[in-house]
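A quick write-up on the structure given underneath.
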There are 2 protein chains.
Amino acid sequence: MSINADERGGVPPWGPTVVASVSRKDAVGIEIRRAIILGRLKPGDKLTETQLATSLGVSRPTVREALNQLTREGLIVQEPYRGLRVADVTKEQIRDIAVARVGLDMLAIDAILADQTGRRMQIVEEGWEQFERYAFHPDPVVQHEAHLAFHRQIWAASENYLLLKLWPVTEAHITLAIAEDQTARDDPERAHRVHADLMVAIRTKDRDTIEAAFVAHTLTSAEELITLLGGEETQ
Amino acid sequence: MSINADERGGVPPWGPTVVASVSRKDAVGIEIRRAIILGRLKPGDKLTETQLATSLGVSRPTVREALNQLTREGLIVQEPYRGLRVADVTKEQIRDIAVARVGLDMLAIDAILADQTGRRMQIVEEGWEQFERYAFHPDPVVQHEAHLAFHRQIWAASENYLLLKLWPVTEAHITLAIAEDQTARDDPERAHRVHADLMVAIRTKDRDTIEAAFVAHTLTSAEELITLLGGEETQ
DNA sequence: CCTACCTGATTGTAAGACAATCTTCCGTGA
DNA sequence: TCACGGAAGATTGTCTTACAATCAGGTAGG
């Protein structure tokens, strides 16, 4: 696990698709998120600054800056002077995440439906097209990122400045919830279908229909995950 | 502007009320937020890492960690290799902040109203009592923090894990919006009254009444602020 | 007057050092 | 044998110094 291209034979670990260069700090953050998405770093795993700095080939100050950000987002839990852990979420928290997400999604939807020009709906359509392009990509990280990008685009379509500011923390928690859900990552057909259902509902432009779809998409999925986790109390 | 108690005669700059010690990094963050609240740092003001480190009496790495966090929250805007600025918000963004806040507040209220035990409502009452204790404090920073603490407590009362994770970014934007509103800071009577009105509405336990109160409290205030800002486009 | 280059300002990153805090293990005493 | 205290190791928190990278502004030359 290193972010220096020269150590990996030319292709940086965050892949060839990033056009704008990213800072080392951001690259570290990307790499840690990927490791969580891929299950290489699991909820509860312990980490240290020195270990991460060494394996990522950067200095401790650089890794600290990335970790501070991940900590603030909620992906990493820091225990001063003791080390760090990949965050895990309890079943109750998974439900809370879903409840808040539906509320926030509906805030976005209200703004989209309020738009008489159709421009915001168009932005959602473009997000859907992007999603379809990558929904079946062989790389599970690309699939996950396509999923996140689609949901982010719904919020972006609302053109609400604060919603977008809240996205990174929300994204981190979506990632954590999905990291608990091993099966979700392995079923791109299902992932595509549930998003297609969402898109069908959005196109009706009927608020109640859309809300029911988001509840099904998010809350119901959360309850299924909680059932799957069964007796495993994750905290 | 320094965070070392020994340079200030014993009392740390963040005041004697902090019981748990805070890290230097956190103390730096607190100090910069206070300066923004007090208007000593104004929207658009330019800052440099070196300048802040010197005046706060800490090292550049420490200041960087604090600034990274403030940047992520939205209080500071960073321009790589050029310097930093106190964020300012446009009138449209002030409206967006208010719209999103009402939505989030109502998410919290829904969770509070759903609670049959009355425990969550009790938490709101305790938040109100705390607010009343400090609403007329002579220090405007204490007043502002009392205001933030009261609103945070409404979210805390929802016991929704993700809502609380979203609070710091929301708080930063409340602070920015209020920093634009010079008059709001100077009228603790009015501040107390508008929060008392909110509390009266919350106690009715009628969702529509509460929503109307939050709209009046947040959206209407935002529109008033936008009118006050008049022709001054802050972007 | 315009363009190019150089310099200054500032951030991004690193290395090494040490302080602070917490945990674990070992030794001693009861 | 158990409990307590102290020491050592692990890890973060903070600092200092240094240099690379990038951008903006000013000056000089054409």
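In what follows, every heavy atom counts, from backbone to side chain, and hydrogens, waters and symmetry copies are set aside. Letters A, B, ... mirror the listed sequences (proteins, then strands); counts begin at 1. Predicted model, so just to flag it, every value in this text is computed and none were measured.
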Proximity to the side chain of A/Tyr81 - top-ranked nucleotide from C/dA15, C/dT21, C/dT10: C/dT21
Without decimals, in angstroms, what is the distance between B/Arg24 CZ and D/dT14 P? 7 Å
Does B/Glu79 pair with B/Arg85 as a salt bridge, N-O distance under 4.0 Å? yes
Figure out the CZ/C1' separation between B/Arg60 and D/dA20, and round it to whole Å. 12 Å
Protein-nucleotide distance (B/Leu84, atom CG; C/dA9, atom P), rounded to Å: 17 Å
Pairing donors with acceptors under 3.5 angstrom, does anything connect the side chains of A/Arg119 and A/Gln122? no
Tell me the interatomic distance from A/Asp26, atom CG, to C/dT13, atom C1', rounded to whole angstroms. 13 Å
Quick one: which of C/dG12, D/dC15, C/dT10 gets closest to the side chain of B/Glu49? C/dG12
With respect to the phosphate group of C/dA9, does any side-chain polar atom (N or O) of B/Thr50 fall under 4.0 Å of OP1 or OP2? no
Is the distance from OP1 or OP2 of C/dA9 to the nearest side-chain N or O of B/Thr48 less than 4.0 Å? no
Taking side chain as C-beta onward, heavy atoms only, is A/Leu67 less than 4.5 Å from A/Glu49? yes
Distance check, rounded to the nearest 0.5 Å: B/Leu84 atom CG versus B/Leu75 atom CG? 12.5 Å
Where the side chain of A/Ser59 is concerned, which of C/dT13, D/dT16, C/dA17 is the nearest nucleotide? C/dT13
What integer distance in Å separates B/Arg82:CZ from C/dG12:P? 11 Å
Quickly work out the B/Glu79 CD to C/dT11 C1' distance and round it to whole Å. 12 Å
Can you check the A/Lys25 NZ to D/dA21 C1' distance for me, whole Å? 15 Å
5′-ward residue of the pair A/Pro61/A/Leu67 relative to DNA chain D: A/Leu67
In whole angstrom, give the distance that lies between atom CD of A/Gln78 and atom P of D/dT11. 14 Å
Would you mind checking if B/Glu65 and B/Arg24 are paired as a salt bridge, meaning a charged N to carboxylate O distance below 4.0 Å? no
Between D/dG13 and A/Arg64, is there an OP1 or OP2 to side-chain N/O distance shorter than 4.0 Å? yes
